[in-house]
Amino acid sequence: MSAEAATARVRPMTGRFRIDLLSDAELERIHETTLTVLERVGLQITSERILIELGAAGADVDPAESRARFPRPMVEEAVSRTPPAYLLAGRDPSWDLHVGTGEGYLTLDGCAAEVVDRETGRRRPPTRRDLIEATRLADAVDEVAALWPCVAVTDVPPHAQAVHQTHIQLANSTKHVIAMSTYSARDARTVVEMARVAAGGDLPLRARPILSSFQCSISPLSYEGDVMEAAVEFARAGLPCGFVAMAIGTATAPTTLAGHLVTLNAELLGGIVTLETLVPGAATYYGPYEAFMDLRSGGIDLAWGPEDVLFKLAAAQLARRYELPMNIIAFGTGAKTQDWQAGAQHAISLAGVALAGEADLISATGTIYGSRVFAFENVVLDAELFDLVRHLLRTVPVAADDLALDVIEAVGPGGHFLAQAHTREHMRELWVPRSFDRGTWEDWEAAGRPEARDRARERVRQILQEHEPEPLEEDVERELRHIVDVHERQAEGAHHG
Amino acid sequence: MDERIAAMAPLRDALYALDEAGAVGITTELIRRGADPQRVLQEGLTEAMLEIGRRWNAGDVFLPEVVAAAEIFGRCNDIVEPALIAAGGKTLGHKVVMATVKGDLHDLGKNMVGAMMKTAGFDVHDLGKDVPTERIVEAVREMEPTIVGLSSLLTTTVPEQRNVIAALEEAGLRRGVKVMVGGAPVTEEWATEIGADGFAPNAPEAVKVALELAGSERLAGA
């Protein structure tokens, strides 16, 4: 199937509305302060190789501290080199994503440390089987447009986690794969090799990158050298590589929202400048994943609040200012199950993302407990919220047929519109829920008073029973297995040696 | 049976397509050419409504489509009925008499119930809205329906449902007919309190209740 022939199955959110929280002058103050931080404080990047290249390109490098300080023109020039729009391809072209075109795509979240067992309802460390099932589920849920490895696979050697996860993602869905846990250039090279095999070679992969990646800063203002080297590997293979910063206000970022925005912005821009210096024109994105510290316990505040939504709105303005595609986290809740709190927090936060007017990749589908735990039910519930908000972002068409004058005349006073052809022509445009309860009280009693999560659980069960993703070709599958085996063995040797 | 049913396929197809002009045209032509009106009703119109009911159950059609089909069914039935009476035929389905009670002009819910009832093969006779109690009693006496369905939307007209039941008692007709009540303010408790036989919160549920009531009627009569 050629890309041209494919009918898009993706269900994006389109940014019809846009709240500009900050005035232009306020936005510039954040930008200017960020540039001052990058110039005066800089970033710690623990890679000699990368520091040398940054130094050659004009950064003020202090090898003893592994520090690079970036002159303002270097930052502004590098940021201007980033492509504003690019393709994140699906193995099946009908799942191609056009990042940077104003469409927002729902994605999973990454490497949850625990999963809620589908049988027992208790949390436990995830296994390969969980990631296979979660990926198959995400493949079947149309609102989910791209895959992260949504649980950390813990029944494989830790050094082989990334390659196992990538293998499972590629084999169990035809949607775009976002690779994670590639903590070294070596990991990245293996994952790139797997993507090449699945795409049919280096050139086909460059033309249609079916896999992308991102790397995280260590707040405040640091990157592990290995992680940055991995980013460079992806970019050199023509694969988009974004940057995500997960700074915790009060702990690893200032307490004020503006200060938090400055350090997070400095980390993201610093990462992007580094990548663009080493691989000019590399496709990348801006991933502000804010968090706040719980003032009593010192842990991450799991119960998202208004600060989160405000932060997203401001961060989106920054991404827009830099013409960088944005990866934003939409779902976060302190709830331990799919209850009132989870529903309220996910809905409000997602609505905030929708109003931010700039969200290319929208993440954390399927998570609870501060994105630490993956729950299968949440994939279908979050997808339904996304579908609802997606439909909220429409307008009210007022063409002649929409105004329905003829029908109003035909029905007249006291009649009804049920039997009109106009009704039938338009009724399927109305949003129809799947998990929201719209039944009668009697039905609800008769069914044993089910909640949304019970309906969601049933849908998950049904999908996993029925849905068979389009498999990889046999020789591709064999080759991937071989690559995983070799990586696992060699890395083991490297660790022992 | 299958072949005969197949002969009515164009009529059924017109109903599935919600093609009113087509359905009315085919029905008129069938009756004009002397087709058995019983067959037109059963194998054409009623069979089509049953199929639409199956499609509703499968989630393939929505209520507006059922209502539209029921309206076309009604137009066609008006053409078939005189011929049916002339031929001395009768419908096979259980008769249901429906009315929105006196003082209430809100008949949409009742129309939806009527439409859905047709998809289960009931022979629905709709007395309309704002129907005086005496007319309902009269219709029950004349038509001897299996079920009489009473609808009201307003809390101020709901008590009228109790009055109809009392009037049926008084006329000595209550034991021969099952009474179903419905409407937004109506609850199971209210239905029980006024001595109705059945209640449903919406049109599809009403069909289930009616089928149960008709079944028990058959058993009682056997």
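Below, chains carry the letters A, B, ... as their sequence lines are ordered, and counting in each starts from 1. This structure is a prediction, so every number in the text was calculated from the model and none was measured.
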A:Trp444, CH2 atom: more than 12 neighbouring heavy atoms under 6.0 Å: yes

Pair B:Lys95 + B:Asp123: basic N to acidic O under 4.0 Å: no

B:Glu138 with B:Arg135: basic N within carboxylate O range, under 4.0 Å: no

Within residues 181-201 of chain B, residues adjacent to chain A where the heavy-atom gap is under 4.5 Å: B:Phe199, B:Pro201

Per-residue contact mode, B:Glu20 against chain A (heavy atom under 4.5 angstrom): neither

Toward chain A, the part of B:Asn111 with a non-hydrogen atom under 4.5 Å: side chain

Note: B:Lys110-B:Asp126 ion pair, threshold 4.0 Å (strictly below): yes

Polar contact flag, side-chain donor to acceptor under 3.5 angstrom, A:Glu425-A:His422: no

Cationic N near anionic O, under 4.0 Å, A:Glu133 to A:Arg136: no

Spatial distance of atom CZ (A:Phe436) from atom CH2 (A:Trp431) [nearest 0.5 Å]: 5.0 Å

Contact residues of residues 60-73 of chain B (partner chain A; heavy-atom separation under 4.5 angstrom): B:Asp60, B:Val61, B:Phe62, B:Pro64, B:Glu65, B:Val67, B:Ala68, B:Glu71

Pair A:Ser173, A:Asp139: side-chain N/O donor-acceptor within cut-off below 3.5 Å: yes

Interface residues of residues 380-407 of chain A facing chain B - non-hydrogen atoms under 4.5 Å apart: none

Note: A:Glu458-A:Arg455 ion pair, threshold 4.0 Å (strictly below): no

Residues that A:Asp454 engages under salt bridge (charged side-chain N to carboxylate O under 4.0 Å, His left out), provided they are two or more places apart: A:Arg457

side-chain hydrogen bond (donor to acceptor under 3.5 Å, both in side chains) between B:Asp104 and B:Thr157, worked out: CA-CA 6 Å; B:Asp104 206 323; B:Thr157 59; 2.6 Å; yes

Structural part of B:Leu18 lying under 4.5 Å from a heavy atom of chain A: both

Test: A:Arg453 and A:Glu377 ion pair at under 4.0 Å: no

Under 4.5 Å from any heavy atom of chain A - which part of B:Lys208: neither

Side chains of A:Thr337 and A:Asp339, donor plus acceptor under 3.5 Å: no

A:Glu119/A:Arg129 ion pair, N-O < 4.0 Å: no

Short side-chain donor-acceptor distance under 3.5 Å, A:Thr440 and B:Glu205: no

